[in-house]
Amino acid sequence: MALDRLDESLSRELQQLQEEGRSKKPERIISGYLPASGSSGPRYLLEGQTRPFLRMNSNSYLSLSLHPALVEAADRATRHFGVGPGAVRFIDGTFSHHIALESRIAGFVGQPAAKIFNSAYTSNCGLALALSGATTHWIGDQLNHNSIIRAMRIAGVPSQNKGIYRHNDMADLQRCLDEVGPEIERVVVIFDGIFSMRGDYAPIEQIVERCNNYHPKFKDGVITVVDDSHGLGAYGPTGRGTAEYCGVSPDIIIGTFGKAFGVNGGFIAASATVIETVRQKADTYIYTNPLSVADCAAATTALDICAGEEGALILRHLQERTEQFRQGLAALGRESIPGPHPIVPLLVRDTAATLDLVNRLFEAGILAVGLTFPVVPRGDETIRFQVNAAHSASDIDSVLHALRNFRQP
Ligand SMILES: Cc1ncc(COP(=O)(O)O)c(C=O)c1O
């Protein structure tokens with residue numbers, strides 16, 4: 001067997017991951033969906049379990065993935081053009097649905113142009129590939145998403161061309177800007193809009209102000225980039241994300257269609273020239289098939305909904321349920337990180353207690369995520385709840401009720 005010795009080596013590596021507490025548990029499998037009924041929102045069935053579950057761990061903040069208009073749009077596009085594009089974008093894999101989505105998302109985030117990718121992950125990699133060079137210096141928040149960190153490595157950014165500032169610490173950002181060498185021509189400051197483990201947000205107005213002060217110092221200036229994967233659709237008065245919440249837009253916006261918009265795929269939105277550079281230089285755009293027309297049609301419809309009256313109502317419901325949950329946690333005396341985002345962390349600050357509480361919630365039919373070391377620093381062990389627009393007031397009450405019954409050890 002050709003893989004015998006490789007399998008043996010890999011088994012040792014897997015064993016080591018397990019011993020270090022870094023291995024991932026087997027994945028649960030969703031095997032059924034029960035639509036909302038009466039005062040209850042939707043429930044999910046899991047393979048091997050008999051009871052239905054309330055999902056408090058979904059990124060689908062606006063709960064659009066089963067919206068009839070999205071399903072119908074995906075269905076219509078598929079019947080017309082088929083399930084797959086047949087080639088990469090440059091080899092006649094570009095369909096009118098790709099162009100329509102690029103135009104709609106650029107308009108939604110208030111940028112002149114956009115390019116869509118298979119995911120926000122590959123969008124970050126694409127941007128790093130497009131903008132990096134020997135005289136480019138990258139600066140990022142310490143808690144940036146893995147896709148940004150990995151993007152730097154894929155783009156081959158050397159360590160002397162990178163700076164990391166302490167989470168949301170503006171003085172430390174300034175230190176990173178001060179440390180940029182005189183040979184550098186282009187500085188890119190990149191940060192998550194909403195930090196997915198905490199539900200807090202980047203103070204974009206302060207970041208942009210700091211960067212503007214340094215802009216004249218470098219040939220191409222200091223460019224600000226937000227990855228607002230968790231913010232777009234779910235944050236800000238009209239769901240335009242963290243930039244809207246902060247009242248200032250960075251130069252480049254990255255996002256996903258796979259969270260609040262309920263579909264899949266990612267994008268970069270910026271000036272027409274940046275976007276053309278991305279089209280020419282981003283390997284994760286060039287050498288891979290694009291999204292299906294079904295994804296594009298569904299995402300375009302999601303944006304139409306978000307821009308209209310129905311979207312405003314859905315967003316308001318999400319905001320109200322989030323507030324209900326946050327207030328309920330506070331009334332129970334539970335520690336959280338304040339803010340209006342539907343990612344609501346419950347800080348337990350102990351590994352065993354976190355895992356115990358997650359298990360007890362599971363037994364009560366509630367899915368939530370326990371975050372323990374090394375995902376979060378020791379002492380910051382957390383249960384991450386995510387509210388979504390399909391939750392009813394009674395769903396939120398039922399989670400609070402369960403938490404009330406499980407006294408904190
Ligand atoms: C900030 C950030 N960027 C990118 C991603 C990945 O998004 P996608 O699933 O579209 O690749 C995530 C998802 O967790 C995220 O939180």
Side-chain angles (χ1 to χ4, degrees), residues 24 27 55-62 64-65 101-102 105 108-109 114-129 138 140-155 164 167-168 188-202 204 207 224-236 241-243 245-246 250 252-269 278 282-285 288-292 295-296 298-299 302-303 337 339 341-345 368-369 371 375-376 382 384-386 388:
K24 298 188 175 30
E27 288 150 32
R55 276 193 82 178
M56 292 294 289
N57 62 357
S58 165
N59 297 319
S60 190
Y61 300 113
L62 299 175
L64 290 177
S65 77
L101 179 55
E102 286 170 349
I105 189 63
F108 189 81
V109 299
K115 268 291 134 202
I116 54 173
F117 286 71
N118 287 312
S119 63
Y121 204 109
T122 51
S123 306
N124 278 317
C125 296
L127 186 77
L129 289 164
W138 292 82
D141 188 290
Q142 165 195 21
L143 295 188
N144 274 350
H145 186 257
N146 173 281
S147 56
I148 298 176
I149 296 159
R150 181 59 65 189
M152 300 297 111
R153 295 187 188 143
I154 287 172
I164 296 174
H167 178 51
N168 278 349
V188 187
V189 176
I190 185 164
F191 46 89
D192 289 18
I194 300 292
F195 292 86
S196 58
M197 300 295 149
R198 301 167 51 86
D200 60 349
Y201 68 96
I204 297 183
I207 295 173
T224 49
V225 183
V226 67
D227 173 350
D228 208 13
S229 287
H230 284 273
L232 285 166
Y235 207 56
T242 312
Y245 186 82
C246 294
I252 298 177
I253 298 181
I254 288 174
T256 184
F257 299 111
K259 299 192 194 296
F261 302 125
V263 192
N264 238 336
F267 70 90
I268 301 172
V278 163
D283 291 1
T284 52
Y285 173 82
T288 182
N289 272 11
L291 291 177
S292 68
D295 283 333
C296 295
L303 291 170
I337 297 171
H341 194 271
I343 293 174
V344 185
V369 181
L371 304 170
V375 176
V376 293
T382 297
R384 182 178 71 174
F385 294 97
Q386 288 165 289
N388 74 61

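Whatever order the structure lists ligands and atoms in, that order sets their numbers, starting from 1.
- Considering both main-chain and side-chain atoms, Ile194 never comes within under 3.5 Å of ligand 1 through any nitrogen or oxygen pair.
- Taking atom 10 (O) of ligand 1 as the reference point, the nearest protein heavy-atom neighbour is Thr256 OG1, 2.7 Å.
- Below 3.5 Å of separation, one finds no N or O of Asn124 facing any N or O of ligand 1.
- Nearest protein heavy-atom contact of atom 13 (C) of ligand 1 is Lys259 NZ, 2.7 Å.
- Note: an N/O pair closer than 3.5 Å links Tyr121 and ligand 1 by distance alone.
- Using a distance-only test at 3.5 Å, with no hydrogens or angles considered, a donor-acceptor pair links the side chain of Asn144 to the main chain of Asp192.
- When atom types are taken as modelled, the side chain of Ser123 and the backbone of Phe267 share a donor-acceptor pair closer than 3.5 angstrom.
- Between the side chains of Tyr121 and His145, no donor N or O sits under 3.5 Å from an acceptor N or O.
- The Asp192 neighbourhood of ligand 1 comprises atoms 1 (C), with distances under 4.0 Å to a heavy atom of that residue.
- For CD1 of Ile337, the number of neighbouring non-hydrogen atoms (other residues, nucleotides, ligands) closer than 6.0 Å is greater than 12.
- Between the Thr256 side chain and the Gly258 main chain, a donor and an acceptor come within less than 3.5 Å of each other.
- Among Leu143, Asp227, Asn59, the residue whose heavy atom lies nearest to atom 2 (C) of ligand 1 is Asp227.
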Inset, instruction - Apply the test ring pair (Phe, Tyr, Trp, His ring centres under 6.0 Å) to residues His167 and Phe195: give CA-CA distance (whole Å), side-chain angles for both, the deciding distance (0.1 Å), then the verdict. - result: CA-CA 10 Å; His167 178 51; Phe195 292 86; 4.4 Å; yes
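- The nearest heavy-atom contact from the protein to atom 15 (C) of ligand 1 is His145 CD2, 3.4 Å.
- When heavy-atom distances to ligand 1 are checked against a 4.0 Å cut-off, Ser119 comes that close through both its backbone and its side chain.
- Of the possible polar contacts, one joining the Asp228 side chain to the Thr242 backbone as a donor-acceptor pair under 3.5 Å is found.
- Ligand 1 lies out of reach of Gly266, whose nearest heavy atom is not under 4.0 Å from it.
- Shortest contact from atom 7 (O) of ligand 1 to any protein heavy atom: Ala120 CB, 3.5 Å.
- Checking side-chain atoms of Thr284 against main-chain N and O of Gly126 turns up a donor-acceptor pair under 3.5 Å.
- Numbered from 1 in the order shown, with element, the atoms of ligand 1 that lie under 4.0 Å from a heavy atom of Ser147 read 3 (N), 4 (C).
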